Undergrad: 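I have a structure here, written as structure tokens, and I will follow up with some questions on it.
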Protein chains: 2
Amino acid sequence: MMDLHRLRLLREVHGRGTVHGAARALGYSPSAISQQLAVLERETGTRLLERVGRNVRLTAAGDVLVRHATTLLDGVEAAEAELAAVAAGRVAGVVRIASFQSAFIRVVAPAIRSLAATHPDIRVEAAELEVEQAAPALRLQQLDVMVGDEYDGQPRAVHADLHREHLLREQIRVILPEDHPLAAAERVPIEQLAELPWAACQPGTGHREMHVRVCRELGGFEPDIRYSSDDFLILLELVRTTGAGALLPDLVIGAGAPGVAVRLPAEGDVGRAVFLLTRRTRTPAVAAVADALAAAATDQTRS
Amino acid sequence: MMDLHRLRLLREVHGRGTVHGAARALGYSPSAISQQLAVLERETGTRLLERVGRNVRLTAAGDVLVRHATTLLDGVEAAEAELAAVAAGRVAGVVRIASFQSAFIRVVAPAIRSLAATHPDIRVEAAELEVEQAAPALRLQQLDVMVGDEYDGQPRAVHADLHREHLLREQIRVILPEDHPLAAAERVPIEQLAELPWAACQPGTGHREMHVRVCRELGGFEPDIRYSSDDFLILLELVRTTGAGALLPDLVIGAGAPGVAVRLPAEGDVGRAVFLLTRRTRTPAVAAVADALAAAATDQTRS
DNA sequence: AGCATTGTGAAGCTAAGCTGAACGGATGAT
DNA sequence: ATCATCCGTTCAGCTTAGCTTCACAATGCT
């Protein structure tokens, strides 16, 4: 197995351009460097350096090795940093979160904010990603936490090897233009919205299926879905400007949506569950992030 | 700096559960393991093991270190593998590509296929990603190659530190329902399509801007964009089923699109350039991937 | 209680890895 | 052209990291 120390020497020689420079920088004699690199070449069975004039230059193979060396040495540094933090009684590490849009804004972002205060040594990386793509990424360690959604009556695939935790449940609301006749009502009977054009997500998404199902079951009509986008904020904007209606979960609305009427359906109880997925063995950092997400979720349901 | 060898011992002790087991597995005496781990604890100033009964167990800090150790040791293995391949005269390494949808299907996928034959030691990872997000990812080494698009008259941001290479230029075509009166014509005058409903990408995208501009400049009308999706294949489907029109680049059509008419606009010359971005210093593997992409692109323009 | 087994420490030995001096090759000034 | 100089490499010699062997305390099984 290659020795990191030798790789460090190689990288230094690459960086300084000369063996003498590397020796001076690292506090060794040039001879030591030269000998160690000779050993490295013997071990790998590859020429890593070639003399050019009275200096040395890396070969293609040496270049490859230096590139790996830097990532490895960076990794060691990260390990030392995290270890030091953990030893000092703090929780540290890198945690990668994936989430769908509305939870990203209402749950993940607040959680990141609070984590910055409570766990400054946790580095959170977050990205928007679909639930279906998340399970393999979790298993491959490319991802640590997934925040997913599940509409009532449309259960997601079960992953026995992953840990699932309920975050919150939210109601689906009817979003109407402010000037719609039913906008004044406390609760809106779905069956009276048969003539309304709708904005919903693309076909094949959970939201689209939910939308169609609600209109059929509670309204007894086939919805005229005229505008489609997977971006909930665009859907909201479409209601405001085009006069279409939409069925959106609480999280999308957040504190309130100006220019539209947000109402509960008169009958039925349609909702969406938001949950998180992690691997079964959680590092302390992942556990802390999961806790922060749970706290942010309950905060969200209170307000 | 921590020594990888000691980390390997720690990982082995973690895996086997006992010092004796690790010693047997690695061909050392138990005493050697014990001493090395004692050194590791002294170096890091942290207790990594604690005795439980007559065995040892990792502390929380030890756990952290083992997790890093495995990634580091895997990294060393990857380095050795790539070095061996390079030393044998082959080009190797991991190359991450990002691309927008149509180039993904028509250019990236064929390139991956040909690379599998010509450079079996290059591991290609590919993802769909927007051009705007790609430049920072390239700089952070999270990405190696970006395939982007640029509509005529809408130049992308210039990145002086990144290398840009032209791949191909394609024409924008008018896509009409088969039963449209103008579907029979060789070339379609845009100004006669003022009454047609359109399908185009979401507002704010390059395609949407191109669409509006073409309708204004060549047609003299404001398009009635009734359907919007950023997925070109959905746009194509919308033309087939809803009777709307669309303006789509060649790559989307590919070999041909059944059920719709593909025509050139009668006047004007509207196109889209497809290019790739890499960092200025290319590894041999990245260069090989870039070449394969260029070859796939010219293949695509021929057919 | 007796015994096997585990982890740890002390003594001693081998070899890895350092220094310093000597050497061959390339460069640039005279 | 010649010589001083600088570079990388090699060799001899020394220090010490790291291994083994042996001894010992602690634990759990019978």
Side-chain angles (χ1 to χ4, degrees), chain A residues 1-63 65-66 69 72-73 76 80, chain B residues 1-63 65-66 69 72-73 76 80:
Chain A
M1 194 188 59
M2 279 188 298
D3 182 21
L4 265 190
H5 183 226
R6 292 197 242 270
L7 291 184
R8 197 163 70 106
L9 302 186
L10 184 69
R11 187 187 58 162
E12 202 64 33
V13 168
H14 168 70
R16 306 269 167 188
T18 108
V19 173
H20 270 74
R24 231 173 298 122
L26 298 174
Y28 290 121
S29 67
S31 164
I33 310 279
S34 180
Q35 290 179 51
Q36 289 304 312
L37 294 182
V39 171
L40 191 58
E41 288 190 331
R42 201 163 344 111
E43 275 182 351
T44 59
T46 317
R47 290 213 53 75
L48 300 172
L49 298 168
E50 55 186 1
R51 299 201 58 154
V52 44
R54 55 182 169 189
N55 290 350
V56 285
R57 195 180 45 196
L58 291 186
T59 62
D63 226 50
L65 204 49
V66 163
L72 286 171
L73 292 166
V76 170
E80 285 172 339
Chain B
M1 195 188 58
M2 280 187 298
D3 181 22
L4 264 192
H5 183 226
R6 291 197 244 271
L7 291 185
R8 199 164 69 105
L9 302 187
L10 183 70
R11 188 186 60 162
E12 201 64 35
V13 168
H14 168 69
R16 306 268 166 186
T18 110
V19 173
H20 269 75
R24 231 172 300 123
L26 298 174
Y28 291 121
S29 68
S31 169
I33 309 281
S34 179
Q35 289 178 48
Q36 288 306 311
L37 294 182
V39 172
L40 191 58
E41 288 190 331
R42 204 167 338 114
E43 275 182 351
T44 60
T46 317
R47 291 212 54 73
L48 300 172
L49 296 168
E50 54 187 1
R51 301 201 55 154
V52 43
R54 57 180 170 185
N55 292 352
V56 284
R57 193 180 45 197
L58 291 185
T59 63
D63 227 51
L65 205 48
V66 163
L72 286 171
L73 292 166
V76 170
E80 285 173 338

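Computed from a predicted model, the values in this text were never measured in an experiment. As a basis for the values below, the full set of heavy atoms in this structure was taken, side chains included, without hydrogen atoms, waters or symmetry mates. The sequence lines fix the lettering, A, B, ..., with proteins before strands; numbering per chain opens at 1.
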Undergrad: Starting at atom CG of B/Leu37, determine the distance to atom P of C/dG7, rounded to an integer number of angstrom.
TA: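 Result: 11 Å.
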
Undergrad: For the side-chain contact (heavy atoms from CB on, under 4.5 Å) test, which of B/Val66, B/Leu26, B/Leu37, B/Asn55 pairs with B/Val13?
TA: B/Leu37

Undergrad: Please report, rounded to the nearest Å, how far the C1' atom of C/dT8 is from the CD1 atom of B/Ile33.
TA: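 One finds 13 Å between C1' of C/dT8 and CD1 of B/Ile33, rounded.
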
Undergrad: What are the two closest heavy atoms between B/Leu65 and B/Leu7, and how far apart are they?
TA: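 The pair with the smallest heavy-atom distance is CG-CD2, 3.7 Å.
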
Undergrad: Which two nucleotides bound the region of DNA chain D that has atoms under 4.0 Å from heavy atoms of chain A, read 5' to 3'?
TA: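 Answer, 5' to 3': D/dT5 to D/dC11.
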
Undergrad: Between A/Leu26 (CG) and C/dT19 (C1'), how many Å, whole number?
TA: 16 Å

Undergrad: Separation of B/His5 atom NE2 from C/dG17 atom C1', in whole Å?
TA: 16 Å

Undergrad: So, for B/Leu49 and B/Leu10, which heavy atoms are closest and what is the spacing to 0.1 Å?
TA: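 Result for this residue pair: CD2-CD1, 4.4 Å.
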
Undergrad: Once you apply a heavy-atom cut-off of 4.0 Å, does B/Gln35 come out as touching a base, just sugar-phosphate, or nothing?
TA: base

Undergrad: Closest-nucleotide mapping onto DNA chain D: is A/Val19 or B/Pro30 further toward the 5' terminus? I mean the 5' end.
TA: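 Checking each residue's closest nucleotide, the 5'-ward one belongs to A/Val19.
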
Undergrad: Let me see the working for B/Asp3 and B/Gln36 under side-chain contact (heavy atoms from CB on, under 4.5 Å), right down to the final yes or no.
TA: CA-CA 10 Å; B/Asp3 181 22; B/Gln36 288 306 311; 5.6 Å; no

Undergrad: Using the side-chain contact (heavy atoms from CB on, under 4.5 Å) rule, take B/Arg54 and B/Thr18 through it: C-alpha gap first, then chi angles, then the decisive distance, then the call.
TA: CA-CA 9 Å; B/Arg54 57 180 170 185; B/Thr18 110; over 6 Å; no

Undergrad: So, does the side chain of B/Ser31 form a donor-acceptor pair with the base of C/dG7 at under 3.5 Å?
TA: no

Undergrad: Of all heavy-atom pairs between B/Leu48 and B/Thr44, which one has the smallest distance, and what is that distance?
TA: CD1-OG1, 4.4 Å

Undergrad: To check you understand the geometry: which heavy-atom pair defines the closest contact between B/Glu43 and B/Met2, and what is its length?
TA: OE1-CA, 4.4 Å

Undergrad: Please give, in whole Å, the distance from C/dA16 P to A/Gln36 CD?
TA: 10 Å

Undergrad: Nearest heavy atom decides the nucleotide; on that basis, is A/Val52 or A/Asp3 closer to the 5' end of DNA chain C?
TA: A/Asp3

Undergrad: Would you mind reading off the distance between A/His20 atom NE2 and C/dT27 atom P, rounded to a whole angstrom?
TA: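 So the NE2-P distance, A/His20 to C/dT27, works out to 17 Å.
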
Undergrad: Of the nucleotides C/dC18, C/dT27, C/dG7, which has the atom closest to the A/Arg54 side chain?
TA: C/dT27

Undergrad: With heavy atoms under 4.0 Å as the rule, sort B/Gly27 into base, sugar-phosphate or nothing.
TA: sugar-phosphate

Undergrad: In this structure, how many angstroms lie between the C1' atom of C/dG7 and the CD atom of B/Glu50, rounded?
TA: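 It works out to 14 Å between those atoms.
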
Undergrad: Please state how far atom CG in B/Leu40 lies from atom C1' in C/dG7, giving the value in whole angstrom units.
TA: 17 Å

